[in-house]
There are 2 protein chains.
Amino acid sequence: MAETPGGENLLFLTDEQLRKGIEAMFFAYRGFTADPDRILEGMDYGRAHHRAIHFIHRSPGTTVSNLLSILGVTKQSLNRVLRTLIEDGLVRSEKGKVDARERHLHLTDKGQMLERELSDAQRARMRAAYRAVGPQAVQGFRQVLEAMMDPEMRRQYNRLKEGG
Amino acid sequence: MAETPGGENLLFLTDEQLRKGIEAMFFAYRGFTADPDRILEGMDYGRAHHRAIHFIHRSPGTTVSNLLSILGVTKQSLNRVLRTLIEDGLVRSEKGKVDARERHLHLTDKGQMLERELSDAQRARMRAAYRAVGPQAVQGFRQVLEAMMDPEMRRQYNRLKEGG
DNA sequence: CTTGGAAAGTCAACAAGGCTGACGTAAATT
DNA sequence: AATTTACGTCAGCCTTGTTGACTTTCCAAG
């Protein structure tokens with residue numbers, strides 16, 4: 001095995017290994033979104049609705065602008081999604097009491113039900129994968145993902161971690 | 001720590017831990033695609049072109065239908081992308097000699113150059129992440145991703161691994 | 001040799017979900 | 001009073017996915 005002066009084996013940094021990681025991300029992300037996509041297909045909603053529902057569930061009472069910064073889309077794009085969710089009675093939007101310009105978002109009971117269905121499916125796959133590989137591998141998984149994030153996204157991710 | 005009868009700590013399978021993994025995938029995938037997206041923006045191409053270029057580079061001479069099964073899109077969708085790449089001289093399409101119905105796809109020199117630029121950027125981020133966390137974590141990362149894939153996708157992934 | 005079916009390509013139409021730009025309104029801040 | 005902020009909305013555009021229908025080419029089985 002090739003060793004550096006520091007005694008560290010660096011074969012895991014070869015282009016070949018990196019490419020495998022890239023392809024693993026590509027194929028795994030497909031699996032990651034497959035189950036929710038299947039549930040949503042035919043019911044007028046898509047991945048964008050899922051994301052909004054997820055993060056509203058995650059941070060009840062969050063504002064539109066906060067959601068915008070988490071999702072990284074334009075307000076026009078988010079608004080289209082949010083409007084249908086509100087019209088359909090999955091999301092409730094309330095004027096802020098301390099700052100009345102803000103809208104605070106909550107899932108309704110109906111919204112909670114869909115969220116539950118979606119996250120159950122997504123967690124089931126995740127749980128099977130975690131169980132198959134064990135806690136050590138899971139720790140590595142999360143470490144690499146976190147290291148791949150843009151700093152701004154890592155901040156968002158860690159804010160969510162603490163909050164929850 | 002909670003332990004099972006088998007003596008195994010299962011705290012890593014809580015809904016909370018699973019949710020963190022889900023959010024990590026979401027934010028990390030953004031980082032994963034960010035650099036190629038930046039390169040491609042403004043040059044008429046998008047993520048779909050990147051994917052086609054990647055897998056043609058990966059398996060030179062691959063056929064259209066093979067590419068279809070890897071990418072998981074319709075031939076109409078792939079064809080639109082492929083057509084522009086061929087027109088722009090990034091991809092060469094050759095009638096098969098043994099089976100002339102098939103088209104064998106190769107990157108031209110120009111295509112190789114763009115592939116290089118894109119994969120350099122993507123690998124750079126990957127390498128930084130890998131280096132930051134070490135080989136042990138990287139192994140876990142790959143194990144979890146592989147376990148998350150649909151069986152069909154895992155087959156594709158492993159075929160690529162061997163081939164390369 | 002004929003024909004059935006696979007592989008590839010093409011046209012048309014459509015939808016989701018991104019984007020920009022412009023504009024309006026209410027509320028907070030200065 | 002003027003400006004800025006948060007939000008909503010209208011209009012229009014792009015990429016990338018979809019379905020359906022159709023053609024051309026060509027291999028292989030009958």
Side-chain angles (χ1 to χ4, degrees), chain A residues 26 29-30 33-34 36-56 61-88 91-106, chain B residues 26 29-30 33-34 36-56 61-88 91-106:
Chain A
F26 173 71
Y29 198 78
R30 292 256 289 275
T33 56
D37 282 357
R38 233 185 319 273
I39 292 171
L40 291 167
E41 98 177 348
M43 63 191 295
D44 267 19
Y45 302 134
R47 219 174 274 183
H49 300 82
H50 180 196
R51 290 197 282 261
I53 288 172
H54 175 97
F55 287 107
I56 293 172
T62 188
T63 63
V64 172
S65 63
N66 181 43
L67 207 50
L68 281 177
S69 75
I70 287 175
L71 296 175
V73 298
T74 59
K75 66 174 175 172
Q76 293 92 328
S77 201
L78 175 58
N79 195 254
R80 177 168 39 200
V81 164
L82 231 36
R83 189 168 41 215
T84 69
L85 292 175
I86 291 170
E87 279 169 4
D88 296 351
V91 168
R92 184 163 39 87
S93 168
E94 282 180 353
K95 247 184 197 166
K97 290 185 176 167
V98 28
D99 184 338
R101 290 170 305 179
E102 297 179 336
R103 297 291 179 276
H104 296 280
L105 304 169
H106 299 265
Chain B
F26 172 71
Y29 199 78
R30 291 257 290 276
T33 57
D37 282 356
R38 233 186 318 273
I39 292 170
L40 291 167
E41 97 176 350
M43 64 191 296
D44 267 16
Y45 301 135
R47 220 175 272 183
H49 300 83
H50 180 197
R51 292 196 281 260
I53 289 173
H54 175 96
F55 287 108
I56 294 172
T62 189
T63 63
V64 171
S65 62
N66 180 45
L67 208 48
L68 282 177
S69 74
I70 287 174
L71 295 175
V73 298
T74 59
K75 65 176 175 171
Q76 293 90 331
S77 198
L78 175 58
N79 196 256
R80 177 168 40 203
V81 164
L82 233 35
R83 188 168 44 215
T84 69
L85 291 175
I86 292 169
E87 279 169 5
D88 295 352
V91 167
R92 184 163 38 88
S93 167
E94 282 180 352
K95 254 185 194 165
K97 293 186 173 163
V98 30
D99 183 339
R101 290 169 302 181
E102 297 181 337
R103 298 290 179 277
H104 296 278
L105 305 169
H106 298 266

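None of these values were measured; they are calculated from a predicted model. Hydrogens, waters and symmetry mates play no part in the numbers below; they use all other heavy atoms, side chains included. Chain naming here is simple, since letters A, B, ... match the order of the sequence lines and numbering starts at 1 in each.
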Distance in angstrom units between [X] [atom1] and [N] [atom2], rounded:
| X | N | atom1 | atom2 | result |
| --- | --- | --- | --- | --- |
| A:Arg103 | C:dA26 | CZ | P | 11 Å |
| A:Lys95 | C:dT25 | NZ | C1' | 10 Å |
| A:Arg80 | C:dT20 | CZ | P | 13 Å |
| A:Leu68 | C:dG17 | CG | C1' | 15 Å |
| A:Asn79 | C:dC23 | CG | C1' | 14 Å |
| A:Leu78 | C:dG17 | CG | C1' | 12 Å |
| B:Leu105 | C:dA8 | CG | P | 9 Å |
| B:Ile86 | C:dG9 | CD1 | P | 7 Å |

Could you list where the contact with chain A starts and ends along DNA chain D, reading 5' to 3', using a 4.0 Å heavy-atom cut-off?
D:dT5 to D:dC10
Given DNA chain C, 5'-ward residue of the pair A:Ala48 and B:Val64, judged by closest heavy atom
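Checking each residue's closest nucleotide, the 5'-ward one belongs to B:Val64.
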Where each residue is assigned the nucleotide of DNA chain C containing its nearest heavy atom, which of A:Val98 and A:Lys75 is assigned the position nearer the 5′ end?
A:Lys75
Apply the salt bridge (charged side-chain N to carboxylate O under 4.0 Å, His left out) test between B:Asp99 and each candidate in B:Arg101, B:Lys95, B:Arg103; give the one that qualifies.
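By the salt bridge (charged side-chain N to carboxylate O under 4.0 Å, His left out) criterion, B:Asp99 pairs with just one of B:Arg101, B:Lys95, B:Arg103: B:Arg101.
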Rounded to the nearest 0.5 angstrom, the OG1-CZ distance for B:Thr33 and B:Arg38 is 9.5 Å
Give, for atom CG of A:Leu105 and atom CD1 of A:Ile53, the distance between the pair rounded to the nearest 0.5 Å.
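The distance works out to 12.0 Å.
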Over 60° means perpendicular and under 30° means parallel, so classify the ring planes of A:Tyr45 and A:His49, tilted if in between.
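The arrangement is tilted - the two ring planes meet at 30° to 60°.
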When you match B:Asp99 and A:Asn66 each to their closest nucleotide on DNA chain D, which lands nearer the 5' end?
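Nearest nucleotide further toward 5': that of A:Asn66.
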With sugar-phosphate meaning primed atoms plus P, OP1 and OP2, does [X] contact a base, only sugar-phosphate, or nothing at under 4.0 Å between heavy atoms?
| X | result |
| --- | --- |
| B:Gly96 | nothing |
| A:Ser77 | base |
| A:His104 | nothing |

Less than 4.0 angstrom between a side-chain N/O of A:Thr74 and OP1 or OP2 of C:dT20, yes or no?
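For C:dT20, neither OP1 nor OP2 has a side-chain N or O of A:Thr74 closer than 4.0 Å.
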side-chain N/O B:Arg83 vs C:dG9 OP1/OP2, d < 4.0 Å
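So the side-chain polar atoms of B:Arg83 never come under 4.0 Å of the phosphate oxygens OP1 or OP2 of C:dG9.
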For A:Phe55 and A:Leu71, which heavy atoms make the closest approach, and how far apart are they?
CD1-CD2, 3.7 Å
How close do A:Thr62 and A:Leu67 get, heavy atom to heavy atom, and via which atoms?
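Shortest heavy-atom contact: OG1-N, 4.3 Å.
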If you define the side chain from C-beta out and look only at heavy atoms, does anything of A:Phe26 sit under 4.5 Å from B:His54?
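No - every pair of side-chain heavy atoms lies 4.5 Å or more apart.
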Give a yes or no on whether a donor-acceptor pair under 3.5 Å exists between the nucleobase atoms of C:dG21, that is its base, and the side chain of A:Gln76.
yes
